[in-house]
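Accompanying notes for the structure given below.
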Amino acid sequence: MRHCMSPLDFSVQELNELMALACDIESNPEKYAHACEGKRLATCFYEPSTRTRLSFESAMLRLGGQTLGFASADSSSAAKGESVADTIRIISGYADICAMRHPKEGAPLVASSRSGIPVINAGDGGHQHPTQTLTDLYTIHSLLGRLDHITIGLCGDLKFGRTVHSLINALVRYPNVHFVLISPEELRIPSYIREDVLEENHATYEEVEHLEDSMPKLDILYMTRVQKERFFNEEDYLRMKDFYILTREKMALSKPDMIVMHPLPRVNEISVEVDADPRAKYFEQARKGVFIRMALILTLLGIHIDPAIPQPSVEGGESC
Amino acid sequence: MLNISGIHEGYVLDHIQAGMSMKVYDYLKLSELEGCTIAIIMNAKSNKMGHKDIIKIECPLGSIDLDILGYIDHNITVDVISHDQIISKEKLSLPREIKNVIRCKNPRCITSIEQELDQVFVLTDPEHEVYRCKYCEEAYSGK
């Protein structure tokens, strides 16, 4: 039985297959509308989440399956002190696959070791959030048509942002990916990512403080939030914060085909005025997350839809 | 000169870094070896190391987890004694995985709350001897 704990659980070849499946689902949703009929997804969320939980539920419902679960630890038996290992043994009797979010790092791994059904890590503290990374990779691949030969700017909190670390880990496996790491001094990428991931994989990168300087060279701008509490003092925060807010003026410096991504939720790091720019793809990114989760559910359940069976295309369906 | 007699059956752990023998004693849980005689020699003169510690353990063979010893210090030499003779010298290497020897210090790790969960560390960088928690991947830094 296969689980999904980290984006690196999949080889590049397997990722390509997963993204190809997501693309086919996105283009031909009707073909997959009954693929999971009779199957149940348990969403075990020990901490609140809007997008990830609903994205998983939407994915399973679109596959014709059903969902059950809980949305916080308070409404689960964890409040009575039940261990993750015991909970997953119980859930294994109720559902066919489980998506688990837990504030403690490694909890989904513990669950997978005791589970009778595939477990998907839907985020474990500051550790891993593989389906966000799969969403990011699929978005880049479907919008740019490639994951190699790109220049990606990662902007904001690069020190604590697990999303960014995970994306770097995934992208260094592709050739000619150049990383522009845009952050204040306090929030620079940790040395273990710089040395053990970037340098170990011979990836090229540069570290800069100002977003404007890098805009013209980027194929992708991946924005993250810069939180006030991460700074040592308020003076530094006030001095730096505007550098990391994406505005229409900064967008004017970028390539016409650059794309802007963000794991969301956005607070104020992207001005609302940028939403109307066709290069702003963060809402599209969240939408595409459903398709890659559908592909992941099908893959882990071992369900194959015969691609030879012709299916009617959906009116208005967008190509991936 | 202090003399300690040889042992009939058991292990002699030699070339322990001076001052580290009590830590080795704790890691190996030697206090839990019932009915075994243990001699700890500290700060003995050594041509190779200057000074060293030695532990002699009179116990049935197989009572000690030599894999753990490889994690503690793979420069330690182990003589295996049977019928008053050295029958082999074990070469220690870094174990790929160690269980319930060290604890994860990350307060956000599932091992901090999950009942009866083994503390498992995996060797991720043999060159720099880095072990990471199997669950949260936090590097262990307290060796």
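In what follows, every chain begins at residue 1, and chains take the letters A, B, ... in the order their sequences are listed.
Within 6.0 Å of NZ in B/Lys29 there are more than 12 heavy atoms belonging to other residues, nucleotides or ligands. Residue B/Glu58 places its CD atom among more than 12 non-hydrogen atoms of other residues, nucleotides or ligands, all under 6.0 Å distant. Counting non-hydrogen atoms of other residues, nucleotides and ligands closer than 6.0 Å to CD of B/Glu34 gives a total of 12 or fewer. Surrounding CZ of A/Arg2 are more than 12 heavy atoms belonging to other residues, nucleotides or ligands, all under 6.0 Å away. In the displayed structure, A/Arg89 atom CZ is contacted under 6.0 Å by more than 12 heavy atoms of other residues, nucleotides or ligands.
Within the 4.5 angstrom heavy-atom criterion, only backbone atoms of A/Pro103 (N, CA, C, O) approach chain B. Using a 4.5 Å cut-off between heavy atoms, B/Asn106 touches chain A through its side chain atoms alone.
We find the CD-CG distance between A/Glu200 and B/Asp125 to be 8.0 Å, quoted to the nearest 0.5 Å. Annotation: the span from A/His127 atom NE2 to B/Glu138 atom CD amounts to 9.5 Å, rounded to 0.5 Å. Between the CD atom in A/Glu105 and the SG atom in B/Cys104 there is a gap of 8.5 Å [rounded to 0.5 Å]. Within the model, atoms OG of A/Ser113 and CG of B/Asp118 stand 10.0 Å from one another, a figure rounded to the nearest 0.5 Å.
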Check step by step if side chain to side chain contact (heavy atoms under 4.5 Å, CB included) holds for A/Lys104 and B/Ser112. CA-CA 9 Å; A/Lys104 291 291 183 186; B/Ser112 66; 3.4 Å; yes
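Closest approach of B/Glu114 to A/Ala85, counting heavy atoms only: OE2-N, 2.8 Å.
Proximity of A/His102 to B/Ile110: side-chain heavy atoms (C-beta onward) are separated by under 4.5 Å at one or more points.
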